[in-house]
Number of protein chains: 2
Amino acid sequence: MNTDYFTIGKLAKDTDTKVVTIRYYESIGLLPAPLRTGHNYRLYNCDHFKRLSFIRRCRSLGFPLSQIREIIALTDQPDEDCQKVDKIARGHLDIIESKIQDLTQLASELRQKITACQGGTIAQCCILKNLLKQNTTPIKSAS
Amino acid sequence: MNTDYFTIGKLAKDTDTKVVTIRYYESIGLLPAPLRTGHNYRLYNCDHFKRLSFIRRCRSLGFPLSQIREIIALTDQPDEDCQKVDKIARGHLDIIESKIQDLTQLASELRQKITACQGGTIAQCCILKNLLKQNTTPIKSAS
DNA sequence: ATGCAGTCTATAGTTACTATAGGGTCAAGC
DNA sequence: GCTTGACCCTATAGTAACTATAGACTGCAT
Ligand SMILES: [Zn+2]
Ligand SMILES: [Zn+2]
Ligand SMILES: [Zn+2]
Ligand SMILES: [Zn+2]
């Protein structure tokens with residue numbers, strides 16, 4: 001219903017996106033190029049706003065641009081089975097979950113090292129000692 | 001005690017690092033340039049091995065190279081207070097922990113969207129609908 | 001008329017690597 | 001002596017998703 005046009009600055013504000021990022025999305029073909037004014041200013045409409053909002057919402061959920069691109073392409077086939085969309089989402093969730101596991105592991109290792117250190121000189125620092133202690137000699141290869 | 005020299009391939013194997021990565025570390029000044037053979041092959045010694053092992057261990061804990069560089073620089077001042085080291089480690093832990101929080105939040109949002117979808121066409125897909133539903137019109141600015 | 005915010009293009013920088021091209025070297029087997 | 005394959009060398013470009021900078025133009029308010 002809204003047929004108004006607006007500049008890149010307004011679009012940026014309304015979608016909480018930097019101006020340069022919007023131009024970047026256009027340059028990689030993720031956001032369609034808008035009309036231009038007589039003085040070459042970009043003029044966006046509501047569809048651009050919707051598209052960019054969608055992109056940003058996906059990005060805020062951590063989807064990479066490549067997958068966002070795929071999802072957008074899928075919306076051009078509205079009668080297809082939505083399993084493809086769901087699969088992308090589930091795959092992404094798997095990645096997030098395994099990242100959480102990795103980071104949790106890291107955090108506990110690091111926390112352990114940190115709490116071990118009660119201060120002193122750098123030469124005595126338990127964190128450094130701990131980081132340095134293993135594998136101090138290369139394996140002599142049999143060959 | 002070990003005064004042997006070895007090639008980049010052996011160093012790579014023993015530290016589980018790719019050859020190109022070792023050269024990269026040298027190029028950015030993180031790993032000292034080793035001696036060369038008459039035919040320009042890099043010849044590493046035990047110190048290189050220790051240094052690279054340390055770098056890789058820090059990397060595997062998620063420390064960025066910039067911080068690893070700082071930590072290494074600090075080891076040149078063994079009589080300083082180790083608080084600087086500890087601070088870097090604690091700052092890094094904070095970042096990891098906040099990443100875990102963010103990702104946990106993301107995962108739960110995404111899980112919610114995914115479980116909402118019971119299949120159907122793409123036009124009906126609950127995940128997409130959910131991703132599209134908010135903010136479908138730009139805010140009319142007062143100005 | 002002047003100033004400042006907004007817009008334009010093009011290019012380079014960021015992080016931590018990875019990949020490729022195009023070449024030289026070394027050791028083993030025939 | 002020659003080939004084959006694994007290893008080494010440099011230099012350059014590509015990756016993800018932007019961010020920063022330079023140099024120039026526009027639009028609007030005072
Ligand atoms: Zn300490
Ligand atoms: Zn300590
Ligand atoms: Zn679905
Ligand atoms: Zn659905």
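In the text below, chain A, chain B and the rest are named by the order of the sequence lines, each starting its count at 1.
- Distance B:F63 CZ to C:dA16 P: 13 Å, rounded to the nearest Å.
- B:R23 pairs by the side chain to side chain contact (heavy atoms under 4.5 Å, CB included) definition with B:I8, B:V19, B:V20, B:R42, not counting sequence neighbours.
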How is the base pairing of DNA chain D summarised as a dot-bracket string, given the Watson-Crick and G-U wobble criteria with both distances under 3.5 Å, [ ] for crossing and | for another strand? ||||||||||||||||||||||||||||||

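- In this structure the side chain of B:I88 reaches within 4.5 angstrom of the side chain of B:L74, judged on heavy atoms.
- For B:T7, the side chain to side chain contact (heavy atoms under 4.5 Å, CB included) test picks out B:K10, with sequence neighbours left out.
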Report all side-chain donor-acceptor pairs from residues 103-112 of chain A shorter than 3.5 Å, counting only partners two or more places apart or in another chain.
residue	atom	partner	partner atom	Å
A:T104	OG1	A:I100	O	2.6
A:Q105	NE2	A:E109	OE2	3.2
A:S108	OG	A:Q105	O	3.2
A:R111	NE	B:E97	OE2	3.1
A:R111	NH2	B:E97	OE2	2.8

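- Residues from residues 85-103 of chain A that place a heavy atom under 4.0 Å from any atom of DNA chain D: there are none.
- Taking the side chain as every heavy atom from C-beta outward, A:H48 and A:P32 approach each other to under 4.5 Å.
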Which atoms of nucleotides 5-7 of chain C (N or O only) lie under 3.5 Å from a protein N or O atom, and what are those distances?
residue	atom	partner	partner atom	Å
C:dG6	N2	A:Y41	OH	2.6
C:dT7	OP1	A:T7	OG1	2.7
C:dT7	OP1	A:G9	N	2.8
C:dT7	OP2	A:G9	N	3.4

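- By the side-chain hydrogen bond (donor to acceptor under 3.5 Å, both in side chains) test, B:Q77 is found to be paired with no residue, residues two or more places apart in sequence or in another chain being considered.
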Evaluate the criterion side chain to side chain donor-acceptor pair (under 3.5 Å) for residue pair A:T17 and A:R56; output intermediate values, then yes/no. CA-CA 8 Å; A:T17 308; A:R56 298 302 281 178; 3.2 Å; yes

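- Residue B:Y24 contributes atom OH, which lies 10 Å from atom P of C:dT14 at whole-angstrom precision.
- Here chain B contacts DNA chain D (any atom closer than 4.0 Å to a heavy atom, that is under 4.0 Å), and the contacts span D:dC7 to D:dT10 from 5' to 3'.
- For B:R56 and C:dC17, the CZ to C1' distance is 9 Å, given to the nearest whole Å.
- By the side-chain hydrogen bond (donor to acceptor under 3.5 Å, both in side chains) test, B:Q83 pairs with no residue at all, sequence neighbours left out.
- Every residue meeting the side chain to side chain contact (heavy atoms under 4.5 Å, CB included) condition with B:L43, not counting sequence neighbours, appears here in chain and number order: B:Y5, B:L35, B:T37.
- Pairs of residues two or more places apart, or lying in two chains, that qualify as ring pair (Phe, Tyr, Trp, His ring centres under 6.0 Å) and include a residue from residues 61-108 of chain B are B:F63-B:H92.
- Heavy atoms from other residues, nucleotides or ligands lying under 6.0 Å from CG of A:D16 number 12 at most.
- Annotation: side chain to side chain contact (heavy atoms under 4.5 Å, CB included) contacts of A:Q101 (sequence neighbours excluded): none.
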Working for side chain to side chain contact (heavy atoms under 4.5 Å, CB included), residues B:T15 and B:Y44: CA-CA 12 Å; B:T15 59; B:Y44 294 95; over 6 Å; no

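- In this structure, A:H39 and A:V20 both approach DNA chain D, and ranking their closest nucleotides by distance from the 5' end singles out A:V20.
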